[in-house]
Amino acid sequence: MSKFASLRGFKDILPDEIERWRWAESIAHETFATFGFSQIRTPVLETTELFTRSIGEATDIVEKEMYTFQDWDGKMVTLRPEGTAPVVRAYLEHHLGAQTPFWKLYYTGPMFRHERPQAGRLRQFHQIGAEVIGEIDPRQDVELLSLLTRFFERMQVADLTLEINSLGCPVCRPDYRAALQAYFEKYLQELCEDCQRRFKTNPLRILDCKKEGCKAIARNAPSPIDHLCAECREHFKSVREGLDLLAIPYQVEPHLVRGLDYYTKTAFELTTRKLGAQNAVAAGGRYDGLVEALGGPPTPAIGFAIGMERLVQLIDPAQVPASRLPLFLAPLGKAAGAVLFPILLALRRENIRSEMGNANIGLKSQMKRADRLGAEYVLILGEDEMTRGTAILRNMSTKAQEEIPLSTLTETLSAKFS
RNA sequence: GUGGGUGUAGCUCAAGGGUAGAGCACUGGAUUGUGGAUCCAGGGGUUGGGGGUUCGAAACCCCUCAUCCACCCCA
């Protein structure tokens, strides 16, 4: 055990895993651009109030999971626990809404929540998120969901379920909440301890309880969809019709609840059975009230976030394009090393990926190393070749070898490998 | 924050009071200058840390730390 180790819930991402990360990120950049999104990068540190205002004072995130501390000047600051509030903050701070009516933005980066780590849950985790600000049309919900499903399609991640629900709006949610409380009041004694607490703080959460007793009671609870106001009902209907039109499979999940206060109307999750208890790989929804809550004009918006660690676990490593090494230079002895070293740099100047062995160790070891690096060709230069004024180029898969004159070595190699 | 599991070689794991082991990986050799396969050899450990019981502890007890899984919650 080394003296220092990373903090609990904080993980190193090592080279063998990074291939999958980079592949996911590059597909994300491509796909999001295809759908008309621009990237935005916001700081990881923000004023604490940004999150308490947006996420909600009574949520778990704000109550017990934020990395909050006092800065040297006395200001309370927080490592961002999620990406939406900072994006909206930037949108307002830079008056983006005044320039064009609506924005499609995406971001990637680390988020921080002080939770107990478990499978698929870390204290520093990474998200790719997308936000569409300034459009109420249900078609926008559909477009965003089509982006989400398209991305996972390109990642070749299968067996995902898109669950959608409507959480209503400030007009209809209080009604629904009251109806829910009226219903659960009859069974209050039969609910679990947690749900008895939820009854007061957030009755919607009872719908999400995993205990069998509560599940049974919740099964007959009033559905949020039956209590939507006319506008929300129409919106939800249009979203479903749009998904049908695009043949995007989904499941209406009346018990789907979101943990952040700012969500309204459409809410959704992309879930899998392959990740244990933390089964959501992506989630999001509408937040039509957030921009206004943060001091801007009434502005509808919708977004989602993808959990990178969870996504990476679902990626089949075989799908990731392997990075190959075209050429490995194997010099035998000091003189050969002196010849090949400048050639190595010349090749790299031509952007030819190449690697060179240690001239002081045996050919066998160098071959072994070349093989491990996945080299397609090995260039061998020993004493015999030096006197002949040639080098041997070995094809590692066919084992065929050819001699190349030293006088034209650089030209021959750069022509062959560029 | 609560509960349970697990900490032994770089990795995966044996040894359940009596000399710390195997497989894989690594290094070298069989092949004085040719990779993957095979065979042989070698290097590597204060058994997570601390304390206790014992003639003797990797093992039993206590504390602590780490880690995993689950609850909670969420990406």
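In this text, all values refer to a predicted model and were calculated from it rather than measured experimentally. Numbers restart at 1 for each chain; the letters A, B, ... are given by sequence-line order, proteins then strands. Just so it is clear, the values below take in all heavy atoms, side chains as well, and ignore hydrogens, waters and symmetry mates.
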K.L.:
Counting Watson-Crick and G-U wobble pairs with both distances under 3.5 Å, what is the dot-bracket string for RNA chain B, 5' to 3', using [ ] for crossing pairs and | for pairs to another strand?
P.N.:
(((((((..((((....[..)))).(((((.......))))).....(((((..]....))))))))))))....
K.L.:
Tyr262(A) OH to rC74(B) P: how many Å, rounded?
P.N.:
11 Å
K.L.:
Compare the minimum distances between each of rG33(B), rG35(B), rC73(B) and the side chain of Leu332(A), then state the nucleotide with the smallest one.
P.N.:
rG33(B)
K.L.:
Treating Arg348(A) as the side-chain partner and Ser354(A) as the backbone partner, does any N or O pair qualify as donor plus acceptor under 3.5 Å?
P.N.:
yes
K.L.:
Report yes if some heavy atom in the side chain of Leu144(A) is under 4.5 Å from a heavy atom in the side chain of Phe37(A); otherwise report no.
P.N.:
yes
K.L.:
Between rC24(B) and rU19(B), how far is it from one P atom to the other, in whole Å?
P.N.:
26 Å
K.L.:
Figure out the CD/C1' separation between Glu65(A) and rA75(B), and round it to whole Å.
P.N.:
12 Å
K.L.:
For Leu270(A) and rC74(B), give me the distance from atom CG to atom C1', rounded to whole Å.
P.N.:
15 Å
K.L.:
Find out whether the Lys NZ or Arg CZ of Arg240(A) is both under 6.0 angstrom from the six-membered ring centre of Phe236(A) and within 45° of the ring's axis.
P.N.:
yes
K.L.:
Rounded to whole angstrom, note down the P distance from rU6(B) over to rA59(B).
P.N.:
14 Å
K.L.:
Residues in salt bridge (Lys or Arg N to Asp or Glu O under 4.0 Å) with Glu82(A), at least two apart?
P.N.:
none
K.L.:
In whole angstrom, what separates Glu269(A)'s CD from rC74(B)'s P?
P.N.:
9 Å
K.L.:
Reading RNA chain B from 5' onward, which residue's closest nucleotide shows up sooner: His126(A) or Asp384(A)?
P.N.:
Asp384(A)
K.L.:
When the C1' atoms of rG7(B) and rC11(B) are compared, how many Å lie between them, rounded to an integer?
P.N.:
15 Å
K.L.:
Could you name each residue pair satisfying salt bridge (charged side-chain N to carboxylate O under 4.0 Å, His left out) that touches residues 358-371 of chain A, not counting sequence neighbours?
P.N.:
Glu355(A)-Arg369(A)
K.L.:
Ignoring the backbone of Ile380(A), work out which of rA70(B), rA75(B), rG33(B) is nearest its side chain.
P.N.:
rG33(B)
K.L.:
With a 4.0 Å cut-off on heavy atoms, is Glu385(A) in touch with a base, just the backbone sugar-phosphate, or nothing at all?
P.N.:
base
K.L.:
Does the side chain of Ile343(A) come within less than 4.5 Å of Leu409(A)'s, by heavy atoms?
P.N.:
yes
K.L.:
Give me the one residue out of Val62(A), Asp60(A), Leu290(A) that meets side-chain contact (heavy atoms from CB on, under 4.5 Å) with Ile55(A).
P.N.:
Val62(A)
K.L.:
Taking the chi torsion of rG16(B), is it syn (within 90° of 0) or anti (everything else)?
P.N.:
syn
K.L.:
The side chain of Ala305(A) lies closest to which of these nucleotides: rC73(B), rC72(B), rA75(B)?
P.N.:
rA75(B)
K.L.:
If you measure from the C1' atom in rG49(B) to the same atom in rU67(B), how many Å do you get, rounded?
P.N.:
15 Å
K.L.:
Do Tyr250(A) and Phe268(A) have ring centres separated by under 6.0 Å?
P.N.:
no
K.L.:
I'd like the C1' distance from rA75(B) over to rU64(B), given in whole Å.
P.N.:
33 Å
K.L.:
From CD of Gln313(A) over to C1' of rC68(B), roughly how many Å is that when rounded to an integer?
P.N.:
13 Å
K.L.:
Check the distance between rA75(B)'s P and Leu162(A)'s CG and give it to me in whole angstrom.
P.N.:
15 Å
K.L.:
Say whether, by atom type as modelled, one donor and one acceptor occur between the side chain of Gln124(A) and the main chain of Gly9(A) under 3.5 angstrom.
P.N.:
no
K.L.:
What distance, rounded to whole Å, do you find between the two P atoms, one in rG23(B) and one in rC74(B)?
P.N.:
49 Å
K.L.:
By the 4.0 Å heavy-atom rule, please label Ile128(A) as base, sugar-phosphate, or nothing.
P.N.:
nothing
K.L.:
On RNA chain B, does the nearest nucleotide to Gly276(A) precede the nearest nucleotide to Arg372(A) from the 5' side, or the other way round? Give the residue.
P.N.:
Arg372(A)
K.L.:
Once you round it to whole Å, what is the distance between P of rA37(B) and CE of Met396(A)?
P.N.:
13 Å
K.L.:
If the C1' atom of rC72(B) is compared with that of rU2(B), how far apart are they to the nearest Å?
P.N.:
9 Å
K.L.:
Counting side-chain heavy atoms from C-beta on, which of rG33(B), rC72(B), rU27(B) comes nearest to Ile392(A)?
P.N.:
rG33(B)
K.L.:
Send over the distance from Arg394(A) CZ to rG35(B) P, rounded to a whole Å.
P.N.:
7 Å
K.L.:
Would you mind telling me which of Leu96(A), Asp137(A), Val132(A), Ile136(A) makes a side-chain contact (heavy atoms from CB on, under 4.5 Å) with Phe102(A)?
P.N.:
Val132(A)
K.L.:
With no hydrogens and no angle check, do the side chains of Asp226(A) and Tyr176(A) hold a donor and an acceptor under 3.5 Å apart?
P.N.:
no
K.L.:
Quick check on contacts: within residues 103-123 of chain A, what sits under 4.0 Å from RNA chain B by heavy-atom distance?
P.N.:
Arg113(A), Glu115(A), Arg116(A), Gln118(A), Ala119(A), Gly120(A), Arg121(A), Leu122(A)
K.L.:
Using the C1' atom on both, measure rA58(B) against rC71(B) and round to a whole Å.
P.N.:
33 Å
K.L.:
Expected output is a numbered-order residue list: members of residues 352-370 of chain A with a heavy atom under 4.0 Å from any atom of RNA chain B. What is it?
P.N.:
Leu363(A), Lys364(A), Ser365(A), Met367(A), Lys368(A)
K.L.:
Report yes if the distance between the aromatic ring centroids of Tyr106(A) and Phe32(A) is under 6.0 Å, otherwise no.
P.N.:
yes
K.L.:
Say whether Arg150(A) and Thr34(A), considering side chains only, have a donor N or O and an acceptor N or O under 3.5 Å apart.
P.N.:
no
K.L.:
Considering only rA75(B), rG33(B), rU67(B), which nucleotide approaches the side chain of Glu383(A) most closely?
P.N.:
rG33(B)
K.L.:
What does Gln401(A) touch in the nucleic acid at a heavy-atom separation under 4.0 angstrom: a base, only the sugar-phosphate, or nothing?
P.N.:
base
K.L.:
Side-chain donor or acceptor of Arg8(A) under 3.5 Å from a matching atom on the base of rC65(B)?
P.N.:
no
K.L.:
According to salt bridge (charged side-chain N to carboxylate O under 4.0 Å, His left out), does anything in residues 268-277 of chain A pair up with another residue at least two apart or in another chain? List the pairs.
P.N.:
Asp159(A)-Lys274(A), Arg258(A)-Glu269(A)
